[in-house]
A.B. asks: 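Structure incoming, see below.
All chains are named by letter (A, B, ...) in the order of the sequence lines, taking the proteins before the strands, and each is independently numbered beginning at 1. Keep in mind it's a predicted model, so treat the numbers as computed, not measured.
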Amino acid sequence: MNFKLDKSYKLCSHKVIEAVFEKRQGVKQYPIAMNYLEIALPTQKSLQFVFSVPKKRFKRAVDRNRIKRLLREAVRHTKWPLEEFLMQNQRQIAIFIVYLASEEMDYQTLLTKVDQLFQKLKHELEKKEPKL
RNA sequence: GGUGUAAAUCAAUUUAUCGCUGUUCCGUUUUAAUGGAAGAGAGGAAAGUCUGGGCAGUAUAGAGCACCGUACUUCCUAACGGGAAGGUCGUUGAUGUGUGAAUGUCAACGAACAGAUAGUGCCGCAGAAAGGAAAACUACCAUGAUCUAGACGCUGUCUUGUCAUGGAAAAGGUGAAAAGGUGAGGUAAGAGCUCACCGUACCGGUGGUGACAUCGGUUGCAAGGUAAACCUUACGGACUGAAAGAUCAUGUAUACCAAGAAUUAAGGGCUGCUCGCUCUUUUCGCUUGCGAGACUUGGAGGGUAGAUCGAUAGAUGCUGACGGUGACGUCAGUACUAGAUAAAUGAUAAAUAGAUGUGGAAACACGGAAACAGGACCCGGCUUACGGUUUAUGCCUAUU
RNA sequence: UGGCCUAUGGUGUAACUGGCAACACGUCGGUUUUUGGUACCGAAGAGUCUAGGUUCGAGCCCUAGUGGGCCAA
């Protein structure tokens with residue numbers, strides 16, 4: 001089980017991010033939305049993430065940073081089943097995570113939500129496999 | 001005890017597990033990945049972007065105007081619109097002196113605090129009049145007239161009214177503001193008309209680096225407010241902004257450079273037309289001034305996306321001595337690796353300690369890191385947000 | 001990151017050089033109509049984003065803050 005989440009998991013390429021939003025594939029579980037796309041990434045990792053908290057809802061940088069840190073912590077603990085599944089099948093996906101709520105939530109609820117989302121995502125990817 | 005002001009100071013600590021971003025060291029292999037260890041990792045405002053610099057690039061012979069900024073004095077500083085000390089003025093409180101107008105002392109707080117006889121503008125409504133020493137509503141005084149009414153001592157006199165001419169600028173009302181103030185003399189009534197005192201202006205002496213202070217004198221007091229209205233004076237200011245800029249890699253326009261050649265081109269004017277003469281063009285606010293020019297050949301390389309540098313040891317902090325009223329300066333010692341890039345400091349569990357608060361007579365119990373807030377080239381300030389602790393001090397209240 | 005603009009009834013805009021905050025639409029009441037609309041008559045509704053300052057007087061001038069918007073890659 002890999003609990004690491006270092007720089008190589010960070011999605012930076014403008015082109016890939018734009019592509020993710022053009023496809024509009026996503027799973028949602030309040031207060032989090034994940035847009036994803038299966039695409040060849042310039043890394044050996046099978047996953048890359050963007051964490052986003054809108055400035056319109058959270059005016060202060062302190063609040064945005066705090067929520068992003070909590071999300072990153074939750075993802076770090078729950079991503080391993082999905083990552084192993086992708087590694088076995090030699091697939092790569094980019095994920096754009098957006099925080100939708102306008103209030104800060106505690107770590108435990110975020111952890112369960114993120115876990116549920118990754119399970120959903122895994123199901124959808126399993127369904128799609130035959131097409132490829 | 002309450003409340004205000006000023007200054008100083010803190011912005012939790014420890015352990016375990018799982019992680020994040022740099023640095024150093026030791027390994028592994030496919031040399032760009034990966035494993036391990038050590039040590040480092042947000043603020044007093046990191047914020048607002050209001051300012052001053054460093055740094056970088058571009059521009060610039062010089063001068064004037066325009067534009068922008070600053071504005072009591074002296075000093076500090078790399079510099080400042082910042083700071084220190086001082087001056088003046090104002091407000092409030094306390095307390096004196098004087099018949100009064102005024103004025104002294106103490107304390108706290110505040111001041112965008114140069115110039116209003118350089119000029120221009122504005123001052124609504126109200127009011128006679130709002131800036132020209134002007135005006136005359138009520139009221140005042142004098143002289144004349146007699147159409148009014150009344151009294152008496154009745155050919156007249158007096159009082160009152162009305163009208164006319166003149167005096168005066170005191171009183172009233174208006175207004176934010178009405179042209180020195182108080183007291184006395186003076187006068188037909190009045191008036192700095194005169195006098196004393198007060199205020200103010202000017203001149204001179206003394207003290208101070210200076211703003212100013214103080215003393216004395218004077219044919220002055222006739223000319224308000226507004227410069228956060230235009231403006232005047234003095235001083236200062238080139239522009240851009242790390243997304244600056246440099247290097248690497250990629251490899252192409254005619255902006256750039258050099259040489260050659262040429263004195264040409266476009267538009268306007270003079271003329272019926274051509275030639276010719278003459279003016280303008282450009283330097284990006286304008287003028288003056290100084291320069292340049294179409295074309296050909298050669299050189300040199302633009303944009304997009306990316307990497308590295310720029311980029312973290314400095315006008316640095318702390319301690320001590322000396323100089324200075326102080327801001328601050330000098331010397332000595334000592335300490336200090338944040339450096340990310342859609343952007344690192346987190347999560348979980350426990351312990352220590354723990355303000356306000358709640359209950360209680362007290363002991364104590366409960367409760368629980370909590371306010372404002374997250375670097376983005378770096379420093380000096382200012383402003384704004386905000387929790388606690390300590391010290392000093394003004395005012396109010398209570399007790400002794 | 002740097003620069004600039006703006007805020008006025010419920011909505012959209014005025015208010016010139018500082019001097020009683022105006023207009024349209026909408027809202028409400030009435031008249032007309034069998035009823036509704038149209039039309040006509042009338043009324044209410046801001047004290048100018050917030051806090052200070054300058055001034056006799058501030059929507060306007062100055063300072064600080066808050067919200068909204070725009071430009072530069």
Side-chain angles (χ1 to χ4, degrees):
Chain A
M1 289 190 286
N2 184 4
F3 288 128
K4 296 202 171 185
L5 186 70
D6 61 12
K7 227 171 169 178
S8 60
Y9 284 94
K10 201 183 279 174
L11 176 58
C12 297
S13 170
H14 267 265
K15 288 178 183 174
V16 174
I17 292 170
E18 281 172 23
V20 168
F21 277 98
E22 274 178 23
K23 283 281 178 183
R24 298 190 177 198
Q25 294 176 303
V27 286
K28 215 188 261 187
Q29 174 85 45
Y30 187 83
I32 300 160
M34 285 190 187
N35 287 24
Y36 71 94
L37 180 69
E38 209 172 333
I39 193 169
L41 297 172
T43 174
Q44 295 183 352
K45 298 284 188 294
S46 52
L47 281 163
Q48 281 197 323
F49 300 97
V50 177
F51 297 90
S52 169
V53 180
K55 197 172 185 178
K56 205 156 191 177
R57 300 222 169 111
F58 297 91
K59 294 282 178 196
R60 286 175 302 174
V62 175
D63 298 337
R64 293 198 299 276
N65 278 349
R66 163 115 190 122
I67 289 164
K68 279 198 267 186
R69 279 165 187 163
L70 289 173
L71 279 176
R72 206 177 294 132
E73 188 69 14
V75 166
R76 186 171 71 80
H77 276 110
T78 54
K79 72 177 167 54
W80 61 273
L82 182 64
E83 192 177 8
E84 282 184 0
F85 164 76
L86 290 167
M87 286 282 274
Q88 285 166 13
N89 295 290
Q90 298 273 318
R91 297 165 72 177
Q92 289 187 314
I93 62 168
I95 301 179
F96 196 103
I97 299 172
V98 183
Y99 189 78
L100 296 171
S102 50
E103 289 164 6
E104 193 183 319
M105 294 195 173
D106 65 290
Y107 173 69
Q108 286 302 330
T109 58
L110 283 177
L111 192 68
T112 56
K113 297 285 180 189
V114 170
D115 196 26
Q116 288 169 16
L117 271 172
F118 276 132
Q119 286 176 20
K120 264 195 197 176
L121 196 58
K122 196 177 164 191
H123 274 294
E124 287 199 17
L125 289 171
E126 278 169 350
K127 273 190 222 161
K128 272 194 173 180
E129 200 174 8
K131 289 180 189 172
L132 298 167

A.B. asks: Taking atom C1' in both B:U233 and B:U280, what distance in whole Å separates the two?
C.D. replies: 40 Å

A.B. asks: Side chain of A:Glu73 only, heavy atoms from C-beta on: which candidate in B:A343, B:A42, B:C18 is closest?
C.D. replies: B:C18

A.B. asks: With no angle test and no hydrogens, is the base of B:C18 tied to the side chain of A:Arg76 by a donor-acceptor pair under 3.5 Å?
C.D. replies: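 Indeed there is one.
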
A.B. asks: For B:G48 versus B:G323, give the span between their C1' atoms, rounded off to a whole number of Å.
C.D. replies: 40 Å

A.B. asks: Determine the interatomic distance between C1' on B:U9 and the same-named atom on B:G57; round to the nearest Å.
C.D. replies: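 Rounded to whole Å, the distance is 45 Å.
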
A.B. asks: P atom, B:G285 versus B:U252: distance in rounded Å?
C.D. replies: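 The same atom, P, in both gives a distance of 38 Å.
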
A.B. asks: Considering only the P atoms, how many Å lie between C:G36 and C:U27, rounded to the nearest integer?
C.D. replies: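 Between the two P atoms, the distance is 15 Å.
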
A.B. asks: Which pair of heavy atoms, one from A:Glu124 and one from A:Tyr36, lies closest together, and at what distance?
C.D. replies: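 Reported closest heavy-atom pair: OE1-OH, 2.8 Å.
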
A.B. asks: Is C:G37 syn or is it anti, if syn means the base angle is within 90 degrees of 0?
C.D. replies: anti

A.B. asks: Can B:G192 be described as syn, meaning its chi torsion is within 90° of 0, or is it anti?
C.D. replies: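 Base orientation relative to the sugar is syn.
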
A.B. asks: Quick one: pull up CD in A:Glu73 and CG in A:Leu111 and give me the separation to the nearest 0.5 Å.
C.D. replies: 9.0 Å

A.B. asks: Taking for each residue the nucleotide of RNA chain B with the nearest heavy atom, is it A:Asn65 or A:Leu70 whose nucleotide lies nearer the 5' end?
C.D. replies: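 Checking each residue's closest nucleotide, the 5'-ward one belongs to A:Leu70.
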
A.B. asks: If each of A:Phe51 and A:Arg66 is mapped to the nucleotide of RNA chain B with the nearest heavy atom, which maps nearer the 5' terminus, i.e. the 5' end?
C.D. replies: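 Nearest-nucleotide comparison on RNA chain B picks A:Phe51.
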
A.B. asks: Can you tell me, in whole Å, how much space there is between the P of B:U70 and that of B:A227?
C.D. replies: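 After rounding to an integer number of Å, I get 16 Å for this pair.
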
A.B. asks: If you take all heavy atoms of A:Ala33 and A:Lys28, which pair is closest and at what distance?
C.D. replies: CB-CG, 3.9 Å

A.B. asks: Where does B:G320 fall, syn or anti, if syn means a chi angle no more than 90° from 0?
C.D. replies: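 Nucleotide B:G320 adopts anti.
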
A.B. asks: As a test of the definition: with a 90° window around 0 for syn, would you call C:G30 syn or anti?
C.D. replies: anti

A.B. asks: Which pair of heavy atoms, one from A:Phe49 and one from A:Lys79, lies closest together, and at what distance?
C.D. replies: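 For A:Phe49 versus A:Lys79, the nearest heavy atoms are CE1-CD, 4.2 Å.
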
A.B. asks: When you compare B:G324 with B:G329, how far apart are their C1' atoms, in angstrom units rounded to a whole number?
C.D. replies: 9 Å

A.B. asks: Rounded to whole Å, how long is the line connecting atom CZ of A:Phe49 with atom P of B:A344?
C.D. replies: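 A:Phe49 atom CZ is separated from B:A344 atom P by 17 Å.
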
A.B. asks: Nearest-Å distance, NZ (A:Lys68) to C1' (B:C20)?
C.D. replies: 14 Å

A.B. asks: Counting only side-chain nitrogens and oxygens, does A:Arg64 get under 4.0 Å of the OP1 or OP2 atom of B:G374?
C.D. replies: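 The answer is no; no side-chain N or O of A:Arg64 sits under 4.0 Å from OP1 or OP2.
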
A.B. asks: Which whole number of Å gives the distance between the P atom of B:C382 and that of B:U356?
C.D. replies: 33 Å

A.B. asks: When syn is taken as a glycosidic angle within 90 degrees of 0, is B:A42 syn or anti?
C.D. replies: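 Here the answer is syn: the torsion falls within 90° of 0.
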
